[in-house]
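Okay, so here's the structure we're looking at.
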Amino acid sequence: MPQYNPRSIEEKWQQIWLQNKVFASHVDTAKPKFYVLDMFPYPSGEGLHVGHPEGYTASDIVARYKRARGFSVMHPMGWDAFGLPAEQYAIKTDTHPAATTRKNVSRFRGQLQSLGFSYDWDREINTTDPEYYRWTQWIFLKLYDTWFDESRSQGRPISELEAEFASGRRAVPGCKQAWCELDGRRQREVLAGFRLAYQADVAVNWCPGLGTVLANEEVIDGKSEVGGYPVERRPMRQWMLRITAYAKRLLEGLDSLEWSESLKMMQRNWIGRSEGALVHFQVADRPEILDVFTTRPDTLYGVSYMVLAPEHPMVHIGQKDCIVPAAWPESTPAAWKFAGSEEIPASSVMAYQKWVAGRSERQRQEDVSKTGVFTGTYAVNPVNQQRVPIFVSDYVMMGYGTGAIMAVPAHDRRDFDFARQFGLSIKRVVSARKDLLEAGELPLEEAGYAVNSPWIDGMATEQAKPAMIGQLENRQMGLGRTHYKIRDWLFSRQRYWGEPFPLVHLEDGTTAPLAPEELPLRLPDLADFKPTGTMAPPLSKAGDWANVRVLLEGSPATAVARVVPPGTPGSVPARRELNTMPQWAGSCWYYLRYLDPRNDQVFCQRDTERYWMEQPPGVDLYIGGVEHAVLHLLYSRFWHKVLFDRGYVSSQEPFRKLVNQGLILGEAEYTAYSTAAGEWVSWGEVDPDLSTRAGSDGRPEIISRHRRTGEPLVGRGQAAGDIEKRGNQYVLKSRPDIEVDARSYKMSKSRGNVINPDDAIAKYGADSLRLFEMFMGPLEQVKPWSTAGVEGVYRFLHRLWRNVFGTEEDHRQRVVVQDGSSWRALDGGGLTADQQRKSQAAADELLRPMHRLIRKVTQDIERLSFNTAISAMMEFNNLLTRLEVIPCAAVLTLVRLLEPYAPHIAEEIYQQISGAAALGSVSRIPWPVYDEALCVEARCDIPVQINGKLSGRVSVPADAAEEHVLQSVLADTEIQEKLAGRNLKKKIYVKGRMVSLVV
RNA sequence: GCCCGGGUGGUGGAAUGGCAGACACUCAGGACUUAAAAUCCUGUGACCAGAAAUGGUCGUGCGGGUUCGACUCCCGCCCCGGGCACCA
């Protein structure tokens, strides 16, 4: 036999799997289902990186294992191909994004197939395919067609809302007339206020550099996440999705999910539930009421001033609700006015607003000292009629709560700082101790006991809150309120490469959805898709596409539009939406399309959906990167819940169990720093704020400064052999007083530490790459790449191959087959009596280890502990290496267990040793079963402790009774010696594990 | 600042109340070879004693506690990674 050569066998098996559709998924009601899903990739121009195969191998192992255990397995793959990078690349190179996408997808597909993943390729989907985005548009129309019924906490068809208005069961909001008295336009406007997809003028993150608006999540530190361009706030009419309506259900749904605690916590923080009260403050000498949200209604007696966000409508100078008076009240302190603009309140407020608007997000975050101005107006505290000044300050955010707060400096750090800055009173209303009025240093933010608060004096904070809310509600001064931090989802983008919105704008300013038969609304094939440079989206260049005539069908309120040729009687002019959907749209529901990917009647056939998603509910295992913790995963859950409410899916949640694979870092690096003069500097002296550049020799250099002197320093990589460890530090061997920085970095082009999976496959084969990525450590952990480590698993596969086929020089076949009560060589040759005896001895010797191996690998796959399963297989293989002859059954078991991890070599060995008896694929053989009784050795060595210290061991039969074990322990001469002259107080036997004696 | 996760040999890691360091990498020695590579065998936590076999002591970030027994559970601290952050 030739040596193990992955190149020659891997491609062969990949072809066989593909041609014979070995891994096709089917609805099979006789079998339980298992849906194992990968986060589908964005097919970038870079190709696959080593992070992709990590999660994809893990899911592939589970998919292959579950098939072997008799499950009907769904394991699909596709492409999340709309999005900014393709568009940016297209603009740069002047190629159409569709062409780039096609090219990238075929590269990605080829790479994934070269890794031998068991996807059902007939289910491949692509979010940019009109036959796919047709249904993305269809679901958008369902969102548009749904309103959220608070009383049922459920999304319902908009027609049912219309019926409620029409029958008079529900009053038309903000309108005295009856529903039937309103014209079609007005009816559409009213309904638009309820739809889950609606338009609003919102301050958007406009990014001039990208020529588009961005979602809040795509803006980091005032810069775009992609490209790092500056972002400014501008008002714009945008499509929004009412995800806030589902805040409560999105939060509560988390409890039912098998997700990591940290991931759930990220979603909980993002949704941001807080409980408290809405309190109404009368603005002094004016008609307006100022509402504030507080989580500490129990501190209401401690309010000493109020604060409005700079963007709050009550301080929009010149507007009718503006509360800023014409002149300062008498004796306003000079410090309460804005320096340089202190003539009248309006000038101070405007000057302050202008100053705030000019501050970057970064400046605000770095400088948390308190600034603000007095509005010149007072509010009246409803509980004690006290007049308190109203300030404007940027420490209050317009986007949270009502954009206004009641300030209680004694019990809030921020209010405390502000009060000190502006000389405002600080009044204690909580004491840390029940028996003292003034316990605990101010500001006291922790719970305590109410003081100086007539309605609730003496109550513990936890009781004082509901008591105060009760009082407020009775007197109509406020009400209990749960507030969520999450905001509605900004759903439109001024981009070309995304799904067009399936609706039209009518001349009266309202919108009408396209009739379902009009879908897909194809993206026009624009030659010029570049940004316009203004806020007008690229699609504004598609005039013929955008300007259409439509017929409106159905009742005026819920009419749908059908595009007709110009001149059609009854048609009206309409303009298509020029924005496109954000990249998240296609990934919100792709897991459903895989189930029925070629259906042109529905997004997914009902019974098919039910088979894969109902029992157990949702995707059974979803693996992907943690970078999608709050965006994709929250948006998907939201869409899924809407589809659930509307009866299109059968589970409440899309992804029941979710695992994040850990990042793979570059190979460990040792960096030593030196000054320009070449003087070494210890890592402890280096400012840890680093940047990278290409050095003069082409190798990357790290730039920093001396922590104390500020002198520029350069860090250069050191060979591992020049480094040694002293205590907790790594130092240069040549200069042990110089500490170096030892760690692994995220892979990046600029650092030059990127590992390309194609190279690894070319050198070691897909099986070794898969095996190594699983062997590195726990799936969820961050791990550094190690080329030496890949060689380790590569050696393991070589050793396995040699155990079965011998070496090139020595083809001695070691595999023997049992034939009744005798043994023969696998190639049919007879065996000598001595070989017969050795064969039987080997079989006896391997029996128990084999059962233990089956148990170990099975249990480890179930708990996704792939690294330990691999080490168990290595151990078993090492056992085989030492034997002169190897029973075929042991090899078969090993390759069967190995198949999910290293499928190509497993197929090849199976095929070669099974001969004519072979099935088409080793994956068709059921998973081996183990006998628990054969997993333990017949005899075992029991360690004996005396006073917790290991003092000897005895050998007993595995099933020996406690009494018997203790007897042989006490009979042991070594133990007797150690016990001599001591008084034995207690004997403990842990079955099969340990004996503990106490003297 | 708040929340979550983690800290075990030279390295990646194993062991979740019962023999710490499985498996692998690295390194060293040996076998095979004209030689090298590959392969195989042996050793490889630290310290002490011994010519050696071997024996002993210490050891899972630090300090305390629970237990016959703690890497594992509890309390306090230190450090690293991640998330959120003037969220009322």
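First the proteins, then the strands, lettered A, B, ... as listed; each starts at 1. Side-chain atoms are counted along with the backbone in the values below, which use heavy atoms only and exclude waters and symmetry mates.
No contact: A:Val626 has no heavy atom under 4.0 Å from any strand. Residue A:Phe775 is in base contact, counting any heavy-atom pair closer than 4.0 Å across all strands shown. In this structure, A:Ser996 reaches the bases: a heavy-atom distance under 4.0 Å links it to at least one base atom across the strands shown. Residue-level contact check: A:Glu875 touches the backbone only, with heavy atoms under 4.0 Å from sugar-phosphate atoms and none from bases. As judged by a 4.0 angstrom heavy-atom cut-off over every strand, A:Ser871 is placed among the base-contacting residues. A:Gly272 comes within 4.0 angstrom of nothing in the nucleic acid, heavy atoms only. Using a 4.0 Å heavy-atom criterion, one finds that A:Arg852 contacts no nucleic acid atom at all. Backbone-only engagement by A:Arg799 is indicated by non-hydrogen atom pairs under 4.0 Å involving sugar-phosphate atoms exclusively. Residue A:Met397 is in base contact, counting any heavy-atom pair closer than 4.0 Å across all strands shown.
Between the side chains of A:Thr244 and A:Asp488, at least one donor-acceptor pair of N or O atoms lies under 3.5 Å. Neither side chain, A:Asp291 nor A:Thr402, offers a donor N or O lying under 3.5 Å from an acceptor on the other.
When distances are taken from the side chain of A:Met874 to each of B:C23, B:A15, B:C4, the shortest belongs to B:C23. For A:Ile988, counting side-chain heavy atoms from C-beta on, the closest listed nucleotide (B:C86, B:G18, B:G12) is B:G18. With B:A88, B:C84, B:G18 as the choices, the nucleotide that has an atom nearest any side-chain atom of A:Phe293 turns out to be B:A88. Among the nucleotides B:G69, B:C84, B:A14, the one closest to the side chain of A:Gln945 is B:G69.
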Study note, to complete from the structure: A correct dot-bracket answer for RNA chain B, with pairs being Watson-Crick or G-U at under 3.5 Å, [ ] for crossing pairs and | for inter-strand pairs, is (((((((..(((.....[....))).(((((.......))))).(((((....)))))..(((((..]....))))))))))))....

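Here, B:U8 and B:G61 have their P atoms 6 Å apart, quoted to the whole Å. Rounded to the nearest Å, the gap between the C1' atom of B:U26 and that of B:G9 is 12 Å. With C1' as the reference atom, B:A20 and B:C58 are 13 Å apart, rounded to whole Å. Atom name P, nucleotides B:C4 and B:C74: the rounded distance is 14 Å, in whole Å. The P atoms of B:C47 and B:G59 are separated by 15 Å, rounded to the nearest whole Å. Taking atom C1' in both B:C2 and B:G56, the straight-line distance is 50 Å, to the nearest Å. B:U16 and B:A88 are spaced 42 Å apart, taking the C1' atom of each and rounding to whole Å. For the C1' atom pair drawn from B:C79 and B:A70, the interatomic distance equals 22 Å after rounding to whole Å.
Panel note: side chain A:Ser393, backbone A:Thr371; a donor-acceptor pair is recorded below 3.5 Å. Although no hydrogens or angles enter the test, the distance criterion places a donor-acceptor pair under 3.5 Å between the side chain of A:Asp767 and the main chain of A:Ile905. The backbone N or O of A:Arg848 sits nowhere less than 3.5 Å from a side-chain atom of A:Glu937 that would complete a donor-acceptor pair.
Side-chain contact between A:Pro900 and A:Phe866: absent, with no pair of heavy atoms (C-beta onward) separated by less than 4.5 Å. Under the 4.5 Å side-chain criterion, counting only non-hydrogen atoms from C-beta, A:Lys763 is not in contact with A:Val790. The shortest side-chain heavy-atom distance between A:Leu290 and A:His312 falls under the 4.5 Å cut-off. At least one side-chain heavy atom of A:Met406 sits under 4.5 Å from a side-chain heavy atom of A:Phe281. When side chains are defined from C-beta on, A:Trp785 does not count as touching A:Leu665, because their heavy atoms never get closer than 4.5 Å. Taking the side chain as every heavy atom from C-beta outward, A:Leu894 and A:Leu853 approach each other to under 4.5 Å. Counting heavy atoms from C-beta on, the side chains of A:Glu54 and A:Gln661 come closer than 4.5 Å.
Taking atom CD on A:Glu962 and atom C1' on B:C68, their separation rounds to 13 Å, with Å as the unit. Whole-Å rounding puts the A:Asn947 CG to B:U67 P distance at 15 Å. A straight line from NZ of A:Lys465 to C1' of B:A88 spans 12 Å, rounded to a whole angstrom. Atom-to-atom, CD of A:Gln3 to C1' of B:A37 comes out at 11 Å; the value is rounded to the nearest Å. At whole-Å resolution of the value, CG in A:Leu634 and C1' in B:G83 are 15 Å apart. The distance from atom CE of A:Met873 to atom P of B:A14 is 15 Å, rounded to the nearest whole Å. The interatomic distance linking A:Leu263 (CG) with B:C84 (P) rounds to 12 Å, in whole Å. Straight-line distance from the CD atom of A:Gln859 to the P atom of B:A22: 21 Å, rounded to whole Å.
A salt bridge is defined here as a Lys NZ or Arg NE, NH1 or NH2 lying under 4.0 Å from an Asp or Glu carboxylate O, and A:Glu962 with A:Lys987 fails to meet this definition.
Classified by its glycosidic torsion, B:G10 falls in the anti category, the angle being over 90° from 0.
Side-chain N/O atoms of A:Asn867 include one lying less than 4.0 angstrom from OP1 or OP2 on B:A14. Remark: A:Gln781 is in phosphate contact with B:G13, judged by side-chain N or O atoms under 4.0 Å from OP1 or OP2. In this model, the phosphate group of B:A38 is not approached by any side-chain N or O of A:Arg802 to a distance below 4.0 Å at OP1 or OP2. Close to B:C68, at under 4.0 Å from its OP1 or OP2, lies a side-chain N or O of A:Lys986. The shortest distance between the side-chain N/O atoms of A:Ser274 and the OP1/OP2 oxygens of B:A88 is below 4.0 Å. At the phosphate of B:C2, neither OP1 nor OP2 sits under 4.0 Å from any side-chain N or O atom of A:Asn269. Contact annotation: A:Arg795 side-chain N/O to B:C25 OP1/OP2 distance is under 4.0 Å.
Between the side chain of A:Ser262 and the base of B:C4 there is no donor-acceptor pair of N/O atoms closer than 3.5 Å. The base of B:C68 does not come close enough to the side chain of A:Lys987 for any donor and acceptor atom to sit less than 3.5 Å apart.
Around atom CZ of A:Arg7, no more than 12 heavy atoms belonging to other residues, nucleotides or ligands sit under 6.0 Å away.
Each of A:Leu950 and A:Thr868 was assigned the nucleotide of RNA chain B with the nearest heavy atom; the assignment lying further toward the 5' end belongs to A:Thr868. When the nearest nucleotides of RNA chain B are assigned to A:Ile870 and A:Met266 by heavy-atom distance, the more 5′-ward of the two goes with A:Ile870.
Using a 4.0 Å cutoff on non-hydrogen atoms, the parts of residues 400-418 of chain A near RNA chain B are A:Tyr400, A:Ile405, A:Arg414, ordered by number.
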